[in-house]
**Student:** 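Have a look at the structure that comes next, please.
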Amino acid sequence: MKSLEGKWALITGSSRGIGQQVAIGLAERKCNIIVHGREKAHLNNTLNMLSKYKVKVHFVVGDLATEEGVNSVIKGVKTGSISLDILYNNAAIMNKWKPVWEITKQEWLETFQVNLFAMIALCNAFAPDMKKRGYGRIINVTSGIKDTPNLAPYSVSKAAVDKYTRDLAAELKETNVLVNCMDPGWLKTDLGGPKADHEVETVLPGALIPVLLDDNGPSGKLYSAQEFRDSKI
Ligand SMILES: NC(=O)c1ccc[n+]([C@@H]2O[C@H](COP(=O)([O-])OP(=O)(O)OC[C@H]3O[C@@H](n4cnc5c(N)ncnc54)[C@H](OP(=O)(O)O)[C@@H]3O)[C@@H](O)[C@H]2O)c1
């Protein structure tokens, strides 16, 4: 099993769902973890789950819907004097299901703020230092959602995430800061709902593939976690 011993990862939205699985998968590989959610109380479950691994665990809180919340996450990491090696941009929201014509500008803005603008702010905060140190893995969680106009703010924000990831990969070419997208598949979480195709645990080990890439490996690519379901990595 490839080890991430001594590395530090921030996983946004790791209080539950897919982010929680990613945090556990990384801790199993000896990676130090920074857990994130909107409030400390939301993090207790994940912190308990991580306590059995022999890794350092910190937490940061912040609502990514606000600039103040985004800054609180960045400050939380930086005041811990941690050099971030892995940024797992996982947190996202889905707009309320409604006819596409009735979706308000406010709903578009809120979804883009959490799903895209906060992600960009976090990349801006941490990627330059990764570049300086010659190592970084940034994973932006996307979605395979299509033909669902009622969720257009969500799906369009994910299309923007895909494009942004490719642009950032071009910016970070030949720096060993690898930036890739991860599509988890349709999973039973609070966001995915109970009718989803797969259990949340099936996101592992595939979600870890873009973290475990060899130095100067692929960047600007899409990894589909479900394709690695039965893999030993
Ligand atoms: N589930 C699926 O079927 C599916 C499919 C494709 C893509 N995805 C993507 O996978 C990622 C994780 O989804 P999930 O299903 O695990 O979602 P989830 O169960 O709803 O969990 C969402 C996580 O994001 C955090 N979060 C939500 N709003 C936030 C905000 N305003 N500020 C900061 N943190 C916030 C939550 O923290 P709190 O606990 O503090 O609220 C929680 O940790 C998302 O990017 C989603 O788009 C999911």
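Each ligand, and each atom within it, is numbered from 1 in the order the structure gives. Just so we're clear, the structure is a prediction, and the values are computed from it rather than from any experiment. No hydrogens, no waters, no symmetry mates; every other heavy atom, side chains included, goes into these values.
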**Student:** Is there a path of hydrophobic side-chain contacts, each under 4.5 Å between heavy atoms of I/L/V/M/F/W/Y residues, joining L64 to Y154?
**Tutor:**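 Y154 does not cluster with L64.
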**Student:** When you measure from the heavy atoms of H36 to every atom of ligand 1, does any distance fall below 4.0 Å?
**Tutor:**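 A heavy atom of H36 does come that close to ligand 1.
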**Student:** Pull out every atom of ligand 1 sitting under 4.0 Å from any heavy atom of G185, numbered as shown with elements.
**Tutor:**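 Once the distances to G185 are compared, the set is 2 (C), 3 (O), 4 (C), 5 (C), 6 (C).
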**Student:** Does at least one non-hydrogen atom of G62 fall below 4.0 angstrom from an atom of ligand 1?
**Tutor:**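 A heavy atom of G62 does come that close to ligand 1.
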**Student:** Are the charged groups of K98 and E107 less than 4.0 angstrom apart, N to O?
**Tutor:**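 Looking at E107 together with K98, the answer is yes, because their closest N to O distance falls below 4.0 Å.
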**Student:** Hey, can you tell me if F117 and F112 have their rings parallel, tilted or perpendicular (30° and 60° cut-offs)?
**Tutor:**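 Taking F112 first and then F117, their aromatic rings sit tilted (interplane angle of 30° to 60°).
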**Student:** Heavy-atom contact check, 4.0 Å cutoff: does G193 meet ligand 1?
**Tutor:**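 Contact check G193 vs ligand 1: negative.
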**Student:** Tell me whether D162 is salt-bridged to K221, with the criterion being a basic N under 4.0 Å from an acidic carboxylate O.
**Tutor:**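 Result for this pair is no, no salt bridge flagged.
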**Student:** Could you tell me the residue and atom name of the protein heavy atom closest to atom 41 (O) of ligand 1, and the distance to it rounded to 0.1 Å?
**Tutor:**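 It is R38 NH2, 2.6 Å.
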**Student:** Could you say whether the N/O atoms of G19 and ligand 1 ever approach to under 3.5 Å?
**Tutor:**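 Checking ligand 1 against G19, no N or O pair falls under 3.5 Å apart.
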**Student:** Do the charged groups of D129 and R133 touch, with an N to O distance under 4.0 Å?
**Tutor:**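 Between R133 and D129 there is a salt bridge, with a charged N closer than 4.0 Å to a carboxylate O.
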**Student:** What protein heavy atom sits nearest atom 32 (N) of ligand 1, and how far off is it?
**Tutor:**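 The answer is L64 N, 2.8 Å.
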**Student:** Quick one: nearest non-hydrogen protein atom to atom 42 (C) of ligand 1, plus distance?
**Tutor:**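 Residue, atom and distance for the closest contact: S15 OG, 3.4 Å.
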**Student:** Is K96 atom NZ crowded by more than 12 heavy atoms from other residues, nucleotides or ligands, each under 6.0 Å away?
**Tutor:**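 No - once you tally the heavy atoms of other residues, nucleotides and ligands closer than 6.0 Å, there are 12 at most.
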**Student:** On a heavy-atom basis, I'd like to know which of N45, L43, T189, N140 is closest to atom 15 (O) of ligand 1.
**Tutor:**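 It is T189 whose heavy atom sits nearest to atom 15 (O) of ligand 1.
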**Student:** Identify, by atom number and element, the atoms of ligand 1 in contact range of D63, meaning under 4.0 Å from any of its heavy atoms.
**Tutor:**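 The list of qualifying atoms is 30 (C), 31 (N), 32 (N).
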**Student:** Do K40 and N44 have a side chain donor and acceptor closer than 3.5 Å?
**Tutor:**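 Yes, N44 and K40 have a side-chain donor paired with an acceptor closer than 3.5 Å.
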**Student:** How close does the nearest protein non-hydrogen atom get to atom 17 (O) of ligand 1, and which residue and atom is it?
**Tutor:**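 The answer is L191 CB, 3.4 Å.
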**Student:** Number the atoms of ligand 1 from 1 as they appear, then name those within less than 4.0 Å of a heavy atom of G37, with their elements.
**Tutor:**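 Checking each atom against G37, I get 40 (O).
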**Student:** Less than 3.5 Å between some nitrogen or oxygen of K158 and one of ligand 1, yes or no?
**Tutor:**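 Yes, since at least one N or O of K158 sits under 3.5 Å from an N or O of ligand 1.
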**Student:** If you measure from the Lys or Arg side-chain nitrogens to the Asp or Glu carboxylate oxygens, is any gap between R16 and D190 under 4.0 Å?
**Tutor:**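 Salt bridge between R16 and D190, a charged N being under 4.0 Å from a carboxylate O: yes.
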**Student:** For atom 16 (O) of ligand 1, what's the nearest protein heavy-atom neighbour? Residue, atom name and distance, please.
**Tutor:**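 That would be I18 N, 2.8 Å.
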**Student:** When you measure from the heavy atoms of N115 to every atom of ligand 1, does any distance fall below 4.0 Å?
**Tutor:**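 N115 does not count as a contact of ligand 1 under the 4.0 Å cut-off.
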**Student:** Assess the residue pair L212 and L4 against the criterion (side chain to side chain contact (heavy atoms under 4.5 Å, CB included)); give the C-alpha distance rounded to whole Å, side-chain angles, the decisive distance to 0.1 Å, and a yes or no.
**Tutor:** CA-CA 8 Å; L212 297 169; L4 292 165; 3.9 Å; yes
**Student:** With K78 as the cation and F126 as the aromatic partner, state whether NZ or CZ is under 6.0 Å from the six-membered ring centre and within 45° of the axis.
**Tutor:**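 Yes, cation above the ring, under 6.0 Å and within 45°.
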**Student:** Is the closest side-chain donor-acceptor distance between N95 and T111 under 3.5 Å?
**Tutor:**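 Short answer, no.
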**Student:** Just to verify, which of N90, T46, T189 counts as forming a side-chain hydrogen bond (donor to acceptor under 3.5 Å, both in side chains) with Q20?
**Tutor:**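 Exactly one pass, corresponding to T46.
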**Student:** Going by the order shown, which atoms of ligand 1 are within less than 4.0 Å of some heavy atom of D190?
**Tutor:**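 Answer, ordered by atom number: 19 (O), 20 (O).
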**Student:** In ligand 1, which numbered atoms sit nearer than 4.0 Å to a non-hydrogen atom of T142?
**Tutor:**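 Counting atoms of ligand 1 from 1, those under 4.0 Å from T142 are 6 (C), 7 (C).
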**Student:** List ligand 1 atoms under 4.0 Å from P184, heavy atoms only on the residue side.
**Tutor:**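 By the 4.0 Å cutoff, the relevant atoms are 5 (C), 6 (C), 7 (C), 8 (N), 48 (C).
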**Student:** Of the protein's non-hydrogen atoms, which lies at the shortest distance from atom 3 (O) of ligand 1, and what is that distance?
**Tutor:**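 Protein heavy atom with the smallest distance to atom 3 (O) of ligand 1: L187 N, 2.7 Å.
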**Student:** Find all atoms of ligand 1 within a distance of less than 4.0 Å from any non-hydrogen atom belonging to G17, and give their numbers and elements.
**Tutor:**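 Selected atoms, number and element: 16 (O), 19 (O).
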**Student:** Could you identify the single nearest non-hydrogen protein atom to atom 12 (C) of ligand 1 and state the distance to 0.1 Å?
**Tutor:**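 Protein heavy atom at minimum distance: N90 OD1, 3.2 Å.
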**Student:** What is the nearest protein non-hydrogen atom to atom 25 (C) of ligand 1, stated with its residue, atom name and distance?
**Tutor:**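 Of the protein heavy atoms, G13 CA, 3.7 Å lies nearest.
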**Student:** Taking the non-hydrogen atoms of S14, is any one of them nearer than 4.0 angstrom to ligand 1?
**Tutor:**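 Per 4.0 Å heavy-atom rule, S14 contacts ligand 1.
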**Student:** For Y53, does the six-membered ring have the charged nitrogen or CZ of K30 within the cation-pi criterion, i.e. under 6.0 angstrom from the centroid and within 45° of the normal?
**Tutor:**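 No; the conditions do not both hold, so K30 does not lie above the ring face of Y53.
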**Student:** With a distance cut-off below 6.0 Å to the six-membered ring centre and an angular limit of 45° from the axis, does K7 pair with Y135 as a cation-pi contact?
**Tutor:**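 Output yes; distance and angle both within limits.
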**Student:** Show me which atoms of ligand 1 lie under 4.0 Å from any heavy atom of G192.
**Tutor:**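 What qualifies from ligand 1 is 1 (N), 2 (C), 3 (O).
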